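Since the structure is predicted, the reported quantities are computational estimates derived from the model, not experimental observations.
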Amino acid sequence: MICISEKLLYSEPDSAIKLAEKMIAYAGQVKENKYLGQGHYITGICYFLLGDYYNSLNNYFQSLTCFDKLGDDPAACSVYNNIGVVYKNMGDYPKALKYYNLYLESSEKRNDEKGIELSLGNIGIIYNKQGKNEEAIKNYQRAFSLIRKDDLKAQAMILGNMANAYLDLPDIDSAKYYFERTSAIFDSINFPKGKAGALNGLGNLFRQKKEYEKAFDYFMQSLEIKKSIGDQLGEAASLINIGLNYLDRKNYSKAELFCKKGFDLATELNSLPTKKEGCACLYENYKTSKQFEKALNYFVLMKDIQDSLHSEQTNLDLQKMEFQKLMFADSLASEEQARIKESEHQQALQKEETNKNIGIGFGIFFLLLAGSFFSRWRYVQKSKVIIEKEKDRSDKLLLNILPFEVAEELKEFGESEARDFDNVTVLFTDFVGFTQTAAKLSAKELVAEIDACFKAFDTIIQKYNIEKIKTIGDAYMAAGGLHNHKTSEPENVIKAAIEMQEFMLSRKALAHASNQHTFEMRVGINTGPVVAGIVGIKKFQYDIWGDTVNTASRMESNGAPGKVNISQTTYDLIKNIKSFHFTPRGKISVKGKGDLEMYFVDFNELKSN
């Protein structure tokens, strides 16, 4: 069996992955679940060290499945902990808490004090991230009571975590006391990474106290240590903290410099959570300094990063389900082989007993055979139920990303060809005065407002059986006619557009009454031929292309707030529907298109009818 040293694992994870893959291939050939689980476990660690959380989790789950089949609780316990760490780094705190609690339960079952101590510390970190700081401190204190007196590193780690929880309460004096204790211990054992973390904590403490010069000194000390030990991800975080410290002082040029350095380094390392922090820093800096166009660019990028994090998790869930189905299929095959061997063995026994008592022998044989078939039937039925349940979950996730026909083709053939559609009705929405309204909202408020609007739009288009294509910043794109080649469904698309505008107008009235901010919206619609298909191989993206799409976009940009603007092509298809009324706008000059006829749909009249 291939051996992978700890030094190679942590210093050259790329090389370690190649060796682990050989280990997995060999274990698969000899059907040895122990080595298969170990191979996936090592691969999971390597991908985590490389910042590839998607592949790290994928391997950890495969490892866990192998260890569960063996009933290897200590090995599974380690996997629980590592899965929790990955989810924590991804910012998915509920799932991290779930796996840390599994780690704790397993450790308590085996009276493993070290495991209990580590799991309590990790659970404390998650509570701290969720803002449940008193719960976090309780877990830290219990963990601290289990640490050996000579284990100074573990003591310092827990004390540092306690300091962060006290800082968030906020209890500044207690936080300062624990940060300083942590720093002193790490100094005494010569552990620079821990020392850098404690200094960073003190920087955050003095930033909170608005003692910005002291905060800057501590952040810079932390940064220098991280550079000296090659902790690039920590370096990116420190750069962003320094940028935020300058932003607090309204030194926008310095804030931009450090936030951008941190953002660029996080991008180079492909760390989406840290990259998102850098985006937030730059967004706040440009918004506060009234550079609204730049602020908008980073807001859109911040939302794209959030979508990427969500997409990675969706793909992971799909792959995890697929792997489980394969394992169930393998279990069925193994069970079938065992049944055949058992049947052969029973037949051999019957032959030996035949000369003694033929009648009794045949009775026992058929009884055993019947029992074997009944047991086999029950196993198959249970397995079918489990597989069907996992298939349903997998299908629901896939249909959340792709249209039904495309999803079915992808499941059957592993790919989907692009299609031509002669008549598709494309809808575009866009918020009016987005940058001005965004300037009045915090990043959290802005994302929450857009999220509330887009969730409402999702519900509306689902009602009318329209396909959502994508969101681009504050723009929303959908299309009718992709489910049916014979119709573009313009009537349903217009009804959906009207409901979207009614929702936005109602939301605007409520916001005005409570002195809050929301958006006005334009909607544009056009009908014609498009090409539709999947782009990308890692993160599926269903999209449509063609001049029809470009014209629909022009209908939106040349529309008006609170109105539904449609093209001549769409008008010609629905002008004879009695429930619709229109206001002709005449020919409007459109950049790159010349003069185009446009119509407003009078939906107030439609509602009254």
Which atom names give the shortest non-hydrogen contact between [X] and [Y], and what distance separates them?
X: T548; Y: V426; result: CG2-CG2, 4.0 Å
X: T182; Y: G160; result: OG1-N, 3.1 Å
X: V86; Y: S56; result: CG2-OG, 3.7 Å
X: Y47; Y: E21; result: OH-OE2, 4.4 Å
X: E467; Y: I461; result: C-CD1, 4.2 Å
X: R554; Y: S557; result: O-OG, 3.2 Å

In sequence, state the C-alpha distance, the side-chain angles, and the governing distance for N139 and Y127, and then conclude on side chain to side chain contact (heavy atoms under 4.5 Å, CB included). CA-CA 9 Å; N139 278 274; Y127 280 133; 3.6 Å; yes
Heavy atoms, side chains only, cut-off 4.5 Å: are [X] and [Y] in contact?
X: N133; Y: N164; value: no
X: M220; Y: F216; value: yes
X: K226; Y: Q221; value: no
X: D451; Y: C453; value: no
X: I450; Y: F299; value: yes
X: T459; Y: Q462; value: no
X: I544; Y: V531; value: no
X: N161; Y: I137; value: no

Any chance you could measure [X], atom [atom1], to [Y], atom [atom2], to the nearest 0.5 Å?
X: F219; Y: L239; atom1: CZ; atom2: CG; value: 11.5 Å
X: I126; Y: K95; atom1: CD1; atom2: NZ; value: 13.5 Å
X: S63; Y: L57; atom1: OG; atom2: CG; value: 12.0 Å
X: Y283; Y: C259; atom1: OH; atom2: SG; value: 14.0 Å
X: C46; Y: D52; atom1: SG; atom2: CG; value: 11.5 Å
X: M521; Y: D474; atom1: CE; atom2: CG; value: 11.0 Å

Ignoring hydrogens and angles, tell me if any N or O in the side chain of [X] forms a donor-acceptor pair with the backbone of [Y] under 3.5 Å.
X: N81; Y: S119; result: no
X: Y100; Y: I123; result: no
X: Y103; Y: K98; result: no
X: T288; Y: E284; result: yes
X: S228; Y: I225; result: yes
X: S271; Y: T267; result: no
X: S238; Y: E235; result: no
X: S183; Y: F179; result: no
X: N200; Y: A196; result: no
X: Y60; Y: I45; result: yes

Would one find more than 12 heavy atoms of other residues, nucleotides or ligands at under 6.0 Å from atom CD of Q130?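 Yes, enclosed.
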With Y476, which of D458, D430, T429, T471 fulfils side chain to side chain donor-acceptor pair (under 3.5 Å)?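 Answer to the side chain to side chain donor-acceptor pair (under 3.5 Å) test with Y476 among D458, D430, T429, T471: D458.
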State, without any angle test, whether D168 and N128 hold a side-chain donor-acceptor pair at a distance under 3.5 Å.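 Side-chain D/A pair, D168 to N128: present.
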Show the numbers, then the answer: is there a side chain to side chain contact (heavy atoms under 4.5 Å, CB included) between F61 and V79? CA-CA 8 Å; F61 280 122; V79 183; over 6 Å; no
Please check if the distance between the ring centroids of F434 and F519 is under 6.0 Å.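 Centroid separation for F434 and F519: below 6.0 Å.
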Do K261 and D264 pass the side chain to side chain contact (heavy atoms under 4.5 Å, CB included) test, and can you show the C-alpha distance, the side-chain angles, and the key distance before you say yes or no? CA-CA 5 Å; K261 281 183 177 180; D264 289 343; 5.9 Å; no
Which of parallel (below 30°), tilted (30 to 60°) and perpendicular (above 60°) describes [X] and [Y]?
X: F258; Y: Y246; result: parallel
X: Y99; Y: Y87; result: parallel
X: Y218; Y: F206; result: parallel
X: Y178; Y: Y166; result: parallel
X: F263; Y: Y298; result: perpendicular

Should the pair [X]-[Y] be classified as a salt bridge under the 4.0 Å nitrogen-to-oxygen rule?
X: E445; Y: K440; value: no
X: R522; Y: E556; value: yes
X: E135; Y: K132; value: no
X: R249; Y: E213; value: yes

Please identify which of these residues, K209, K210, K254, R207, meets the salt bridge (Lys or Arg N to Asp or Glu O under 4.0 Å) condition with D248.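 Exactly one option meets the salt bridge (Lys or Arg N to Asp or Glu O under 4.0 Å) with D248, and it is R207.
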If the condition is salt bridge (Lys or Arg N to Asp or Glu O under 4.0 Å), which residues does E268 pass it with, not counting sequence neighbours?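 E268: no salt bridge (Lys or Arg N to Asp or Glu O under 4.0 Å) contacts found.
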Is there a ring pair (Phe, Tyr, Trp, His ring centres under 6.0 Å) between Y286 and F292 once you walk through the steps? CA-CA 6 Å; Y286 290 131; F292 297 126; over 10 Å; no
Decide side chain to side chain contact (heavy atoms under 4.5 Å, CB included) for M500 and L427; before the verdict, give the C-alpha distance in whole Å, the side-chain angles of both, and the deciding distance to 0.1 Å. CA-CA 11 Å; M500 288 177 176; L427 173 151; 4.1 Å; yes
Taking I17 as the fixed residue, which of N55, N59, L50, L49 is the one that meets the side-chain contact (heavy atoms from CB on, under 4.5 Å) rule?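 Single pass found, and it is L50.
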